[in-house]
Engineer: 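Below you'll find the structure I mean.
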Amino acid sequence: MTFGVVGLSFRTAPLQLRERLAFAAEEVAPALRELCAEPSVAEAMLLSTCNRVEFYLVSEAPSRAEQAVRELFSRQRRVAADELDAGLYCLWGSEALSHIFRVTASLDAMVVGEAQIMGQVKQAVARARECGAVGSRLGRCMERSFAISKRVRTETEIARHPASISSVAVDLAGRIFADLVDLKVLVVGAGEMAELAVTHLVAQGATRIRVANRSVERAQELARRLGGEAVGLETLAQQLEWADMVISSTGSPQPLIDRQLLAQVMRQRRPRSLLLVDIAVPRDVDPKARSLPNLYLFDVDDLEQALAANLQARRREAKVAERIVEGEVEGFDSWLRHQDVVPLIKQLRAQFTAVVIGEAQRAARQLQLDREDQRVALDRLANAIVNKLLHSPTSALKQYAGAANGVPLATATRQLFGLPEPALGEPGDPLAADPLPAEEPTVAAVDREERE
Amino acid sequence: MRLVPTLMPIMFYVTLALYGAASAIVLLRLLRRSRALTVAGRAVFGAGLLAQTLATGALCLHGLHPLRDVAGALHLTTWLLVAAYLATALAWRIDVLGLLVGPLALVLLLSSRLAPRAPPRPLGPHWLALLGKVHLTLVAGGVAAFALAGAVAAAYLLQDRALRRNRPGALYRRTPPLATLDRLGRRLLAIGFPVFTMALVSGVLWVVQLRAPHGLRLEHLVAGGVWLVFAVLLVARWTTGLSARRAALLTVIGFAATVLVLLIYVGRRMVAG
C-alpha cells in the first residue's frame, strides 16, 4: 500500500482548466464513491479549492489508481486526455506524503503561509470520512499533516507576517493599540479597500465604527454592513478627535485632511495616539502631518513596502518550514514501513509457537509426563526454541523495515513461510491494530487546540 | 558554616554564568521564535536569581550583613532588578527586556566584585547604621525600577521608530504594542519615583547625621538631577498630557543619569581604595 496524489494546481494548470475540474461540495461524495469502487483504490479524499483539485489516495496499484482518476476527470468533467495531461501530476510514496504535508502546512499555496488551506483540508477530510472513503491509513496521514501544519505555525513565523494590504493595516493597529476590541475606528469614504480593512478589524473584535462619506446614503449602507454608525463628513474634525484609527479612501483630488487640521486635532486629543491609514490615490491626508507627535501616518506606498517585506519574510520562514516537513516525511515514512512488519512478525511468531508447542505436547503425551513441573519445563523449552529460532529473522525484519529493501524482505518472508497478507482493517492490519498514540493529535484535537 | 567562605565565590560565579546564559537565550529568542526558548530564558534567569539568593543567605549565615558596603548594595540592586524583570516578563509577556536587564545585571555584579569591600567599622549609633541600610535598600529599589522603566522606554522608542520609518526590525514582533509599553513604563515610574524620593530623603538625613566633612558631592547633585527629571516627567504627564514618546525619551535620559550616579559613586570608592 502506498500514498498517492493525483491532481493539478495553480502551478501546473491555468484557471480555465481548474474551474472546469473543480468539484462543488455536493459532488464530492459521489466522485469519491465512484473512485473507491475501483479495486485499485483503497482509500481516497478530494481537495477542491480555487487553487487546486487533487485526489489523495491509498493504493496497491498506483498506475491503475492514476488511470481511475484520469477516467473520472474525463467522464465527470468532459476534459480531453491531452488537455488533462498538460497539467496533471501524479506523485507516489514519499513524494506524495511530502506534497500532502506541504499543502496542509500552506507551503504550496499562492500566498505562502495563508491560513485558509488548513480549514479547506479539514473540510475535505470530513467529507471523505462521511462517505467512508477515508480509512485508517489516509486518516492517520491527514492527522499527521494537521499536526505538522500546527508545528510549522508555532515553530516558524510564517503566519505572523500579514500578506494583504488590509491585514497590514490591521497589523499596524495591533502594534500601536493594546486592545483592538475597544478601538474607535473612523472610515472616511466608502471605498472597497477601506471596507476590507475594517472587515479585518471587525474580525479582530472591533465594534466602535463610524463611517463618514460625502454621500450619506452610501455611508449608511456601509455602516449597516459593518455594524457601525454613519456620520456627516462636515463633522470630520470632531470625528478625528473621537477616533483611534482612521482609514481613509475617498476619491477626493485634494487632500481632505491637512496638517493644520491634524495639528489642531492632536492638541485637543493629547496624549492619545492616532493611526491614520490613507489608502486613497491621490492621498487624502497631507504627508507633512507625519511629523506631528503621537500621530502615525501610513499611505499606500508604506503599506505596499510593508507588504513586500512581509512576503519576503514569509518566504524566508518557508525555508525553515520545508526542513520541518522534510523531517516529518522521513519520520512518517519510516513509521509506516515499521508498521508493515509488525503483523508479519506476529504471524511468524504465532506459526512457530503453534508448531513447537504442538510437537512438545505430543512428546509429553508419548513420554507420559503428567507432573505440573514437567509440563512447565517443557513449555519453557518450547518458548526458548521459538525465541532462538526467530531472533535473527525478527531482528532483520525490524532492521530493514525502514530501509529501501525492507518491503522485498517482508515479501520474501511471507513467501518462505507461507504467511497470508492481512486485509486492510482486519486484525492483522498494522494501522487497525495499532491505535493512534496518545500524544499525537486527532483532527478534533487539532481543531480544539486552535480554538483555544 | 566553614564551607560558607568557599561556597560564596562559587555561587557568585554560578550566578554570573546563569545571567550570562539567560542573556544569550533572550538574544537567541530574538532571532528565532520558540516557546521553548522563552521558557528556558525565564528558567535560567530564575535559576540565577536563586543562586544569588543562596549566596546572600550564605553571607548572612557567615554573620555578615548583605548591605554592609557598596558591593552589597550593588548585589541587592541586581537581585531586585532581575526579580522585577521576571515578574514583569511573566505578567506582561515582555521577555525582550531581558536584552537590557541581562547585561545590566552582569555589569552590576562585576562592579560589585570590583568595588572595595568596606571593613566592618562602627558608623556611630545603631539607628544611624540602620538608616544607612534603609537608604541603600531604597536606592537599590529605585534604581531597579528606573532600570526596568528605562528598558521599557528604550523598547518604546525603538518600536516607535520602526513604525514611523516603516522599517520593522528584529524587535518589531517581539515587543508589545506601544500603548502597553507606555502603560507599563508609567507603572514602573509610579513605583520607582516614591522609592527614589525616600532614598534621597534618607540619604540626606544620613549624611547630615554622619556630619560628613566633604559636604555635597557630584553624585548627590546628579542624583538630585535624576529626581528632578522624573518629577518633571510625572507632573507633565498628569497635567499637560506629555506625549508617550517624549515621556519615553525622558525616562531613558533619567535612567542614563541614574547609571552616571552609580558610576561616580562606585568609581570614587574604587579610586579611594
Side-chain angles (χ1 to χ4, degrees), chain A residues 150-162 168 170-180 182-183 244-245 266-277 289-310 312-313 316-317 320-321 324, chain B residues 28-39 91-94 96 152 155-187 233-251:
Chain A
K150 193 170 174 239
R151 213 187 130 195
V152 163
R153 279 175 185 276
T154 44
E155 289 181 25
T156 72
E157 300 207 325
I158 201 158
R160 293 193 86 198
H161 301 274
V168 167
V170 177
D171 185 55
L172 286 170
R175 301 281 131 211
I176 296 170
F177 304 104
D179 192 359
L180 296 188
D182 287 333
L183 196 70
D244 296 314
M245 180 177 184
M266 293 313 287
R267 265 197 302 276
Q268 291 298 319
R269 50 182 292 135
R270 212 157 45 179
R272 287 164 51 221
S273 298
L274 176 65
L275 168 62
L276 272 162
V277 180
R290 255 177 227 276
S291 57
L292 290 170
N294 286 349
L295 187 138
Y296 300 90
L297 170 61
F298 297 89
D299 58 27
V300 171
D301 272 2
D302 297 326
L303 298 180
E304 291 280 4
Q305 195 186 327
L307 183 63
N310 286 350
Q312 200 183 349
R316 212 169 41 237
E317 290 298 310
V320 182
I324 293 175
Chain B
L28 203 65
R29 170 74 179 77
L30 199 64
L31 305 173
R32 176 111 319 268
R33 186 186 177 209
S34 158
R35 172 89 191 126
L37 280 177
T38 309
V39 174
W92 295 71
R93 293 175 183 278
I94 182 169
V96 75
V152 171
Y156 184 99
L157 290 173
L158 285 171
Q159 186 79 328
D160 180 81
R161 188 183 148 99
L163 276 165
R164 284 184 189 281
R165 297 190 171 195
N166 202 17
R167 277 186 201 149
L171 285 176
Y172 189 69
R173 294 192 184 279
R174 305 275 187 271
T175 316
L178 290 178
T180 307
L181 289 171
D182 184 40
R183 207 167 68 236
L184 176 59
R186 259 186 295 182
R187 283 196 192 176
L233 163 57
L234 288 171
V235 171
R237 289 219 84 168
W238 278 326
T239 54
T240 63
L242 183 74
S243 78
R245 191 167 167 273
R246 282 182 186 153
L249 204 62
L250 275 176
T251 307

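Reminder, nothing fancy here: chain letters follow the sequence lines and each chain counts from 1.
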Engineer: With only heavy atoms counted, which part of A/A306 is less than 4.5 Å from chain B, the side chain, the backbone, both or neither?
Structural biologist: both
Engineer: To the closest 0.5 Å, what do you measure between OG1 (B/T180) and CZ (A/F177)?
Structural biologist: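 B/T180 OG1 to A/F177 CZ: 11.5 Å, rounded to 0.5 Å.
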Engineer: Is the closest side-chain heavy-atom distance between A/R175 and B/R173 below 4.5 Å?
Structural biologist: yes
Engineer: Return the minimal non-hydrogen interatomic distance between B/R164 and A/L295, and the atom names on each side.
Structural biologist: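 B/R164 and A/L295 have their closest heavy atoms at NH1-O, 3.0 Å.
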Engineer: Checking B/R183 against chain A: side chain, backbone, both or neither under 4.5 Å from a heavy atom?
Structural biologist: side chain
Engineer: Could you look at A/D179 and say if it's the side chain, the backbone, both or neither that has a heavy atom under 4.5 Å from chain B?
Structural biologist: neither
Engineer: Got a sec: does the CZ of A/R160 have more than 12 other heavy atoms crowding it under 6.0 Å?
Structural biologist: yes
Engineer: Measure the CG-CG distance between A/L172 and B/N166 for me, rounded to the nearest 0.5 Å.
Structural biologist: 7.0 Å
Engineer: Just so I understand: if I count every heavy-atom pair under 4.5 Å between each of A/L297, A/V320, A/D171 and chain B, which residue has the most?
Structural biologist: A/D171
Engineer: Check B/A179 against A/A178 and note the closest heavy-atom contact, atom names and distance.
Structural biologist: CB-N, 3.7 Å
Engineer: Give, as side chain, backbone, both or neither, the part of B/L181 having an atom under 4.5 angstrom from any heavy atom of chain A.
Structural biologist: neither
Engineer: Within the supplied structure, the quantity of interest is the number of heavy atoms (other residues, nucleotides, ligands) at a distance under 6.0 Å from B/R245 CZ; does it exceed 12?
Structural biologist: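 Not buried by this count: 12 neighbours or fewer within 6.0 Å.
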Engineer: Do you know which two heavy atoms are closest between B/S243 and A/P271, and how far apart they sit?
Structural biologist: CA-CB, 4.4 Å
